[in-house]
S.K.: 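This is the structure I have questions about; it appears just below.
Just so you know, these numbers use all the heavy atoms, side chains as well, and skip hydrogens, waters and symmetry mates.
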Amino acid sequence: MSPDAVRRPTPPAEIRDGVELTNLDVPLADGDETKRELVDYLDAVADRIVPVLTGRPLSVVRVRPGQPPFMQKNLPKYTPEWVRTTNVWAYASHREIRYALGDDRRTLLWFANQRAVEYHVTLLPAGAVHPNFVVLDLDPPPGSGFDVVVATAHLVRAALDELGLAGAVKTSGSKGVHIFVPLVDGVEPEAAAAATRAIAARAARLDPEVATTAYIVEDRQGKVFIDATRSGGATVVAAYSPRLRPGLPVSFPLPWSDLDRAQPADFTIRNAAGLLGDADPWAELMPARQALPDALVEEGRAIPVARVAAMHEGKRRARARRAEATTGSTDPGTGTDPNPGTDPNPGTHPEPGTDPS
């Protein structure tokens, strides 16, 4: 029998914090990054990413050999009993989902061993009704450079400055950036959502050639989209989370003064822990919690809810196209909705989604 035909023994599993880690030296995805590199990175930043995950329903993006990546919300039956969980009713699928709470290093290592690359958390902590943050998500147009995203981030910062507010910024780990404004206790979800819309609109007005709040993609005209829809139960990728993109970049917090010199690909699972050292810039750079000005909230209440307005506009355009096809009419007012942008439950999205940017 040739040596190649001899079956090599499986290497012994490595154990960290009681978690058995297996197949560490196999590639994760299309690149040459290995599962060991993912585990080592997450373990190195566990004391910084765990506080971001703690107490919030967690969705992860996993990648398994020979399969496309997939989003996991509902925990599998084989989940260890020591993983803390919370149940959330999913209105879209009409079922209860059992989410993990990433409350400790052990849970993080278990997910890493499950080849969970991305970590998305809800803006609302489990069981809470009041959000902790206003979040602006900046999404660049296809083919653009990161410079236009940075320029838009500075517009948002200028709008916040005018209001006496301050935010922390991080790369999304993909193409955009996220700006977080921490809130005092007791802010109603509807008020936070309204304020987010108003801040986005103010920022876009500062330079309408660069930024837009248009929710419908074809209406953005090659501008950076300031997404003001991340409120209530919506999710956002956690600071320090890897992203399943070429090179496995990381959502990395930055001082505002460093943003102009940064590129998303500068921070990966291979170098981010070394760049951080012992620092925790997400915690260190986060401003104190702030109250939202009443006038800002009222301003936002006058702005239609983007998703609802886009839904009504999409229906109106579809009716107009059908009318044109049957009668030749091109009346843009065909089938207009008399009450666009109303939302029976504004600012709340009970079933967490994921952050595409």
Side-chain angles (χ1 to χ4, degrees), residues 48-49 52 118-121 123 132-161 163 165-182 195-197 199-204 206-207 209-215 217 220 222-231 234-268 271-272 275-276 280-287 306 353-357:
R48 284 154 284 190
I49 191 172
V52 182
E118 299 189 8
Y119 296 77
H120 300 251
V121 289
L123 297 180
N132 304 116
F133 299 97
V134 157
V135 177
L136 286 304
D137 178 9
L138 309 188
D139 185 17
S144 70
F146 192 60
D147 57 327
V148 293
V149 181
V150 172
T152 306
H154 286 304
L155 296 178
V156 174
R157 189 187 188 194
L160 292 172
D161 285 345
L163 293 161
L165 299 173
V169 64
K170 67 182 180 71
T171 66
S172 70
S174 182
K175 300 176 183 178
V177 303
H178 298 145
I179 299 167
F180 278 59
V181 180
T196 309
R197 295 194 297 273
I199 293 167
R202 283 172 171 244
L206 291 175
D207 193 343
E209 296 301 313
V210 171
T212 181
T213 58
Y215 191 79
V217 174
R220 296 177 191 169
K223 302 171 186 178
V224 176
F225 173 45
I226 306 177
D227 185 355
T229 64
R230 297 197 178 279
S231 58
T235 68
V236 66
V237 71
Y240 307 115
S241 171
R243 301 302 300 271
L244 197 55
R245 307 288 191 272
L248 296 186
V250 169
S251 181
F252 201 85
L254 289 167
W256 282 99
S257 58
D258 288 354
L259 191 58
D260 290 345
R261 299 189 295 274
Q263 291 290 328
D266 292 345
F267 316 102
T268 72
N271 70 358
L275 292 170
L276 288 169
D280 184 0
W282 193 235
E284 294 160 5
L285 298 172
M286 187 64 65
T354 58
D355 171 29
S357 60

S.K.: Distance check, rounded to the nearest 0.5 Å: Met286 atom CE versus Lys170 atom NZ?
M.R.: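 Rounded to the nearest 0.5 Å, the CE-NZ separation comes out at 9.0 Å.
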
S.K.: Looking at CD1 of Ile199 and CG of Leu155, how far apart are the two atoms once the value is rounded to the nearest 0.5 Å?
M.R.: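 Atom-to-atom, Ile199:CD1 and Leu155:CG are 13.5 Å apart.
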
S.K.: Kindly say whether Val237 contributes a backbone atom to a donor-acceptor pair with the side chain of Glu118 at under 3.5 angstrom?
M.R.: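 No; judged by distance alone, with no hydrogens or angles, the pair does not exist.
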
S.K.: For Pro287 versus Pro182, what's the shortest heavy-atom pair and its separation?
M.R.: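 Here Pro287 and Pro182 meet closest at O-CG, 3.2 Å.
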
S.K.: Has the side chain of Ser251 got a donor or acceptor atom that lies under 3.5 Å from a matching backbone atom of Thr171?
M.R.: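 A pair under 3.5 Å: yes.
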
S.K.: State the OG1-CZ distance between Thr213 and Arg202, to the nearest 0.5 angstrom.
M.R.: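 Atom-to-atom, Thr213:OG1 and Arg202:CZ are 13.5 Å apart.
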
S.K.: Quick one: does any side-chain atom of Arg245 pair with a main-chain N or O of Gly173 as donor and acceptor, under 3.5 Å?
M.R.: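 Pair absent, no side-chain N/O of Arg245 close to backbone of Gly173.
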
S.K.: How many angstroms lie between atom CG of Asp147 and atom OG1 of Thr152, to the nearest 0.5 angstrom?
M.R.: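 These two atoms lie 9.5 Å from each other.
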
S.K.: So do the side chains of Leu123 and Thr235 get within less than 4.5 Å of each other, counting heavy atoms only?
M.R.: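 They are not in side-chain contact.
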
S.K.: If every non-hydrogen atom of Leu285 is compared with every non-hydrogen atom of Pro255, which pair is closest and at what distance?
M.R.: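 In this case the closest contact between Leu285 and Pro255 is CD1-N, 3.5 Å.
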
S.K.: So do the side chains of Pro253 and Val169 get within less than 4.5 Å of each other, counting heavy atoms only?
M.R.: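 Of all side-chain heavy-atom pairs linking Val169 with Pro253, none is under 4.5 Å.
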
S.K.: Between Arg220 and Ala214 (side chain of the first, backbone of the second, donor and acceptor by atom type, cut-off under 3.5 Å), is there such a pair?
M.R.: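 Answer holds: yes.
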
S.K.: Would you say that Ser174 contacts Pro264 through its side chain, given a criterion of any heavy-atom pair below 4.5 Å between the two side chains?
M.R.: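 When only atoms from C-beta onward are counted, Pro264 and Ser174 do not touch, as no gap falls below 4.5 Å.
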
S.K.: Please report the closest heavy-atom contact between Leu206 and Ala159, naming both atoms and the distance.
M.R.: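 Shortest heavy-atom separation between Leu206 and Ala159 comes out as CD1-N, 4.0 Å.
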
S.K.: Once you round to the nearest 0.5 Å, how far does CD1 of Ile179 lie from OG1 of Thr196?
M.R.: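 Nearest 0.5 Å value for the CD1-OG1 distance: 11.5 Å.
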
S.K.: Using a 3.5 Å distance criterion without hydrogens, assess whether the side chain of Trp256 forms a donor-acceptor pair with backbone atoms of Gly167.
M.R.: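 Checking the backbone N and O of Gly167 against the side chain of Trp256, a donor-acceptor pair under 3.5 Å is found.
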
S.K.: Donor-acceptor pair, Tyr240 side chain versus Trp282 backbone, under 3.5 Å?
M.R.: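 Indeed, once roles are kept as given, a pair shorter than 3.5 Å links the two residues.
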
S.K.: Which atoms form the tightest heavy-atom contact between Gly176 and Phe146, and what is the distance?
M.R.: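 What the structure gives for the nearest pair is O-CE1, 3.9 Å.
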
S.K.: Is Asp266 reaching over with its side chain to a backbone N or O of Gln263, donor-acceptor style, under 3.5 angstrom?
M.R.: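 Yes; at least one donor-acceptor contact below 3.5 Å.
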
S.K.: Just do the side chain to side chain contact (heavy atoms under 4.5 Å, CB included) check on His154 and Val150 with the steps written out, would you?
M.R.: CA-CA 6 Å; His154 286 304; Val150 172; 3.7 Å; yes

S.K.: Determine whether Val236 and Phe133 make a side-chain contact, defined as any pair of heavy atoms from C-beta on separated by less than 4.5 Å.
M.R.: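 With C-beta onward as the side chain, the pair stays apart.
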
S.K.: Give me the ring orientation class for Phe267 and Phe252: parallel if the planes are under 30° apart, tilted from 30 to 60°, perpendicular past 60°.
M.R.: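 If you compare the ring of Phe267 with that of Phe252, the planes turn out parallel.
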
S.K.: Taking all atoms of both residues into account, what is the closest heavy-atom pair of Val177 and Ala153, and its distance?
M.R.: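 Scanning both residues completely, I find the closest heavy atoms to be CG2-CB, 4.1 Å.
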
S.K.: Which heavy atom of Ala272 sits nearest a heavy atom of Val250, and at what distance?
M.R.: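 In terms of heavy atoms, the two residues are closest at CB-CG2, 4.2 Å.
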
S.K.: CZ/Arg230 to CG/Leu136 distance, rounded to the nearest 0.5 angstrom?
M.R.: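 It comes to 11.0 Å.
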
